[in-house]
Amino acid sequence: MKIVNARLRQKPQLHTLEITAGLFSQISEQSSSIECPEGAIDAGGMLLCAPFVEPHIHLDAALTAGEPNWNQSGTLFEGIERWSERKPMLNEADIRRRVLETIELLVQNGVQHIRTHADISDPSLVGLKTLCTLRDELKDKIDLQVVAFPQDGLLSFPNGLQLMEEALEFGADVVGGIPHFEYTRDLGVESMKTVIELAKKYDRLVDVHCDEIDDPNSRFLEVLACEALFNELGSRVTASHTTAMHSYDNAYCSKLFRLLKNSGINFISCPTESIHLQGRFDTYPKRRGLTRVKELREAGINVCFAEDSIFDPWYSLGNGKLLRSLDFGLHICQMMGYRDFESALDLITDNSARTLNIQDRYGIETGKPGNFILLDGEDDYSVLRKQGDVLLSVRLGEVIMQREPARVTSARYIQD
Ligand SMILES: [Zn+2]
């Protein structure tokens, strides 16, 4: 496959790229726009970048909003209650249908790498087993990582620990946790130590729903980061949400950041989900409920954005468009400076790939898998501003999605 007239991120010149046997074999600068040779793809000066990464989504719960009941209050805790009503209706066919439909939606929007959580607070483990099976079946089409996620607690749910070990033995890629939902602070702390021990025992990654609450006293992040540091697992560990950090005292946060930086752990923030679920116990002023993305970034800590939900008991909107999450995130976190815009796509591409520990096979570089997307825009800023469509998605040199740019006819306001 040959692509001409492509613009790459942070590079003003046009480029020609070649993919041979599934890998980028040549990437060269053009001095000017060239005529497209027969059989090649003309990028037309559009931005060619590495595929979008969805680092935090719950595919087992996707597309179930309102079944059997809607989350009327919009709180996280009513979401967990509504989900527990839907859980008995789960079966393999139901999960497969919804997961495939959701993956298709994500692929249509430029995603080629997904980390999904699978609820293991279910003695049958049907969600986890179905997702692991689909991961293996779809491995040539999409990268899927499955997190064993103890929704109702690792140590507070009956046989929670046993179910976790069963999930890891079945082949879950990542150990999950939910310390702020355990019955007591002590159980929350113990759960974090257990998660790290399990990651070492089974040689897996870690991704914890950590402090997803507005309680400024929810401080399990420090335990997770410290365990990651002492066990030298930093880059393999991720803290998702950490919304309590929004409400931490600044003096405590300043101390905490030293540990976070030293630990090398990754962060995932879910802007649409958190602005919707957090701040629910506030009157006015209402907290924004997002973790300190801007400050984490400025401190050189790896942070990325995710959707979390698509039409599920926690969040009844969502459409697979990570550019939408990025737009929300930059607004809510007040990251609206020119420098933020210039590298905005990092938050849904490179940083997310680092979180998933897939950097060795991710990016537009010779020798790496020939995976890319073509976006309607010339650079990060213009794609973000236009909310530019994904026009093409290529995996190992094969087109997996193509979209015709929309044609709009309107009255002419500008005279030539
Ligand atoms: Zn989640």
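All values reported here derive from a predicted model rather than from experimental measurement. Read the numbers this way: they start at 1 and go in the same order the structure lists the ligands and their atoms.
- Within the protein, the N, O or S atoms lying under 2.8 Å from the Zn ion (ligand 1) are His56 NE2, His58 NE2, His209 NE2, Asp308 OD1.
- Between His117 and Phe149, the angle of the ring planes goes over 60°, which puts this pair in the perpendicular group of the 30/60° scheme.
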Before giving the answer on ring pair (Phe, Tyr, Trp, His ring centres under 6.0 Å), spell out for His180 and His241 the whole-Å C-alpha distance, their side-chain angles and the decisive distance to 0.1 Å. CA-CA 11 Å; His180 56 280; His241 301 298; 8.1 Å; no
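- The salt bridge (Lys or Arg N to Asp or Glu O under 4.0 Å) contacts involving residues 207-223 comprise Arg115-Asp207, where partners must be two or more places apart or lie in separate chains.
- For NZ of Lys193, the number of neighbouring non-hydrogen atoms (other residues, nucleotides, ligands) closer than 6.0 Å is 12 at most.
- Under the salt bridge (charged side-chain N to carboxylate O under 4.0 Å, His left out) rule, Arg86 has a single partner from Asp312, Asp119, Asp60, Asp94, which is Asp94.
- Note that CD of Gln26 and CD1 of Ile19 are 12.5 Å apart. Values are rounded to the nearest 0.5 Å.
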